[in-house]
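Report on one structure; see the data block that follows.
All values below come from the heavy atoms of this structure, side chains included, with hydrogens, waters and symmetry mates left out.
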Amino acid sequence: MSDITLSELGQLLLECVGAPEEGMAVEGEDALDTPFLEFGYDSLALLQVTSVINRTYGIVLDDDAVAEAETPRMLLQMIAAAPRAGAVR
């Protein structure tokens, strides 16, 4: 099971790289399969967020794999399957 929910991922994106495109929200069942690019988030935005995830939750994600995550569902699945390191919190 993922340590991070869709809601938490949306909050991290907001805090790290700003609000999604106008009228968009990273929440609800529909958001799981909406491409990050439709929200206005590119691979660099995801790398910023995954860096925070690593430091905060101790979840180690491969940068190349993260760059291939096209939707929140894909990223959350990667997070759920990722190895854990010591969290810094």
Side-chain angles (χ1 to χ4, degrees):
M1 187 69 190
S2 171
D3 290 340
I4 299 175
T5 66
L6 178 62
S7 177
E8 291 168 325
L9 178 60
Q11 185 63 35
L12 287 170
L13 284 162
L14 179 64
E15 291 171 6
C16 291
V17 293
E21 291 293 322
E22 188 172 332
M24 301 289 288
V26 184
E27 59 187 33
E29 195 66 27
D30 292 340
L32 282 170
D33 297 311
T34 301
F36 281 114
L37 288 176
E38 287 187 30
F39 291 113
Y41 300 127
D42 61 11
S43 60
L44 290 176
L46 296 182
L47 290 175
Q48 287 179 306
V49 168
T50 56
S51 176
V52 171
I53 289 170
N54 178 281
R55 287 191 312 273
T56 304
Y57 297 92
I59 299 172
V60 180
L61 298 165
D62 178 78
D63 289 348
D64 292 332
V66 169
E68 297 298 316
E70 295 178 4
T71 66
R73 182 184 308 274
M74 292 173 74
L75 183 58
L76 290 171
Q77 288 171 340
M78 283 180 197
I79 291 168
R84 303 318 196 238
V88 178
R89 282 195 179 174

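With rounding to the nearest 0.5 angstrom, the CG atom of Leu12 is 11.0 Å from the OG atom of Ser51. Separation of atoms CG (Asp33) and CD (Glu70) is listed at 11.0 Å; rounding is to 0.5 Å.
The shortest side-chain heavy-atom distance between Asn54 and Ile59 does not fall under the 4.5 Å cut-off.
Hydrophobic clustering of Ile, Leu, Val, Met, Phe, Trp and Tyr side chains at less than 4.5 Å, counting indirect connections, unites Val49 with Ile4. Linking ILVMFWY residues whenever their side-chain heavy atoms come closer than 4.5 Å, directly or via other members, leaves Met24 and Leu37 in distinct clusters. Leu76 and Val52 fall within the same hydrophobic cluster, where Ile, Leu, Val, Met, Phe, Trp and Tyr residues are linked whenever their side-chain heavy atoms come under 4.5 Å apart, directly or through other members.
A donor-acceptor pair under 3.5 Å is formed between the side chain of Tyr41 and the backbone N or O of Gly18. Remark: side-chain polar atoms of Glu38 are not paired, donor with acceptor, to backbone N or O of Pro35 under 3.5 angstrom. Arg55 places no side-chain N or O within 3.5 Å of a backbone atom of Ile53 that could act as its donor or acceptor partner.
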Exercise for the section: Given side chain to side chain contact (heavy atoms under 4.5 Å, CB included), test Leu32 with Thr71 step by step and report yes or no. Expected result: CA-CA 6 Å; Leu32 282 170; Thr71 66; over 6 Å; no
Handout entry: Leu13/Phe36 under side chain to side chain contact (heavy atoms under 4.5 Å, CB included): CA gap, chis, key distance, verdict
Key = CA-CA 10 Å; Leu13 284 162; Phe36 281 114; 4.0 Å; yes
Exercise for the section: Assess whether side chain to side chain contact (heavy atoms under 4.5 Å, CB included) is satisfied between Leu44 and Val17, documenting all intermediate values. Expected result: CA-CA 9 Å; Leu44 290 176; Val17 293; over 6 Å; no
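Counting heavy-atom neighbours within 6.0 Å of Gln48 CD, excluding the residue itself, gives a total above 12.
The two residues Ala31 and Leu6 have their closest heavy-atom pair at CB-CD2, 4.2 Å. Closest approach of Thr50 to Leu47, counting heavy atoms only: OG1-O, 3.1 Å. Taking both residues in full, the closest heavy atoms of Ile79 and Arg84 are given as O-NH1, 3.0 Å, listed atom of the first, atom of the second, then distance. Across Met78 and Ala69, no two heavy atoms sit closer than the pair CE-CB, 3.7 Å.
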